[in-house]
Structures are given as structure tokens and as C-alpha cells.
Amino acid sequence: QLAESGGGSVQAGDSLSLSCRASGRTFSTFATGWFRQAPGKEREFVAAISGAGGSTYYRPSVKGRFSLTRDSAKTVYLQMNNLKPEDTARYYCAGKLCRDYGLTTDQYDYWGQGTQVTVSS
């Protein structure tokens, strides 16, 4: 199981740090992705980190503003800086039963319930 936390309502330019905590398996055994879904839109890829933690990938619109880190075997963080109104969405953590990350939702096997991020201008 995966559980996200850390969402909230902020102003444009502010920062938030989202956490994804795993129960059972450790993150070293699977890749972790973050996705987001805005109302009326499809769920989209945001960022991912490999099971070994040595490789990350970001969608172009967040690269340089968002950063993925893993400080333990069971917690992954998505640091989001310089937030923009277009970052407003529900953010989901996902686990892939393979150490290599994926970029699409169908590649992931486990999902959290999501945490809401709202950025106002």
C-alpha cells in the first residue's frame, strides 16, 4: 500500500513537499512514480525514480522546479518549488513492480489515494 501526504493550498511561487510512504514492500524493490490529475483531465505523469534511486525523470513542465528524493526504504518525497496555478491537481504516488520506472499509468501496479495540491495566482 502507498499513502501520500503533504498536499495543501498555496500561492503561486510557494513550495510544497509531498510524501509517499509504503507499507509492506520497500521502495528499493520497485520504481516509484508521481502522477497528477486535474478536474476533467486525464491522469498525467509528473516524475519517477528508479528502484535503485539512481535515476529520475521529470515531465518538461516541472523539470527544474520539482525534485524527487528518497530518504529511506519506505518514503519518497516530491519537492515542488515555484508552484504555478497549472500545477493544481490531485497528486498520486504509484509503485511499479520493477526497478525501472515507467511514464504511463498502465505500467504501475500500486496506487495511493492521492493528495490535493491547489495553487492560486
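- The nearest pair of heavy atoms linking Ala89 to Ala38 is CB-N, 3.9 Å.
- Minimum heavy-atom separation, Gly7 to Thr115: N-OG1, 3.1 Å.
- Between Arg21 atom CZ and Tyr77 atom OH the span is 6.0 Å, to the nearest 0.5 Å.
- Contact of the Arg36 side chain with the Glu44 side chain is registered, since non-hydrogen atoms from C-beta on lie closer than 4.5 Å.
- Remark: Gln1 CD is loosely packed, at most 12 non-hydrogen atoms of other residues, nucleotides or ligands lying under 6.0 Å away.
- Ala47 and Leu78 get closest at one heavy-atom pair: CB-CD1, 4.3 Å.
- With rounding to the nearest 0.5 Å, the separation of NZ in Lys96 from CZ in Phe30 is 12.0 Å.
- Of all heavy-atom pairs spanning Tyr101 and Ala48, the tightest one is CB-CB, 3.6 Å.
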Decide yes or no on side chain to side chain contact (heavy atoms under 4.5 Å, CB included) for Gln116 and Thr88, but give the supporting numbers first.
CA-CA 8 Å; Gln116 180 67 33; Thr88 294; 4.2 Å; yes

Where do Leu18 and Val117 land on the side chain to side chain contact (heavy atoms under 4.5 Å, CB included) test, with the steps shown first?
CA-CA 9 Å; Leu18 305 185; Val117 172; 4.1 Å; yes

Side chain to side chain contact (heavy atoms under 4.5 Å, CB included), that's the test. Do Thr105 and Tyr92 meet it? Break it down for me.
CA-CA 10 Å; Thr105 58; Tyr92 296 88; over 6 Å; no

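- Aromatic ring pairs are classed by plane angle as parallel below 30°, tilted from 30° to 60° and perpendicular above 60°; the pair Phe35 and Phe45 is perpendicular.
- Partner of Arg65 under the side chain to side chain donor-acceptor pair (under 3.5 Å) criterion, out of Asn82, Asp87, Asn81: Asp87 alone.
- With contacts defined as side-chain heavy-atom distances shorter than 4.5 Å, the pair Arg70/Thr32 does not qualify.
- Enclosure of atom CD in Gln113 is not indicated, since only 12 or fewer non-hydrogen atoms of other residues, nucleotides or ligands lie within 6.0 angstrom.
- Taking each heavy atom of Val10 and Ser15 in turn, the nearest pair found is CG1-O, 4.4 Å.
- Residues Ser50 and Arg99 are not in side-chain contact: their nearest non-hydrogen atoms beyond the backbone lie 4.5 Å or more apart.
- To the nearest 0.5 Å, atom OG of residue Ser19 and atom CG of residue Leu2 are 12.5 Å apart.
- The only member of Val119, Leu83, Thr118 that meets side chain to side chain contact (heavy atoms under 4.5 Å, CB included) when paired with Leu16 is Leu83.
- Following chains of ILVMFWY side-chain contacts shorter than 4.5 Å, one can reach Leu103 starting from Trp111, so the two form part of one hydrophobic cluster.
- Nearest heavy-atom pair, Pro85 versus Ser121, reported as atom, atom and distance to 0.1 Å: CG-CB, 3.9 Å.
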Take Leu68 and Val76 through the test side chain to side chain contact (heavy atoms under 4.5 Å, CB included) and record every step on the way to the result.
CA-CA 7 Å; Leu68 263 177; Val76 170; 3.6 Å; yes

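- Using a 4.5 Å cut-off on side-chain heavy atoms (C-beta onward), Glu4 and Trp34 make contact.
- A distance-only check finds a donor-acceptor pair linking the side chain of Tyr108 to the backbone of Gly102 [under 3.5 Å].
- To the nearest 0.5 Å, atom OH of residue Tyr110 and atom OG of residue Ser23 are 10.0 Å apart.
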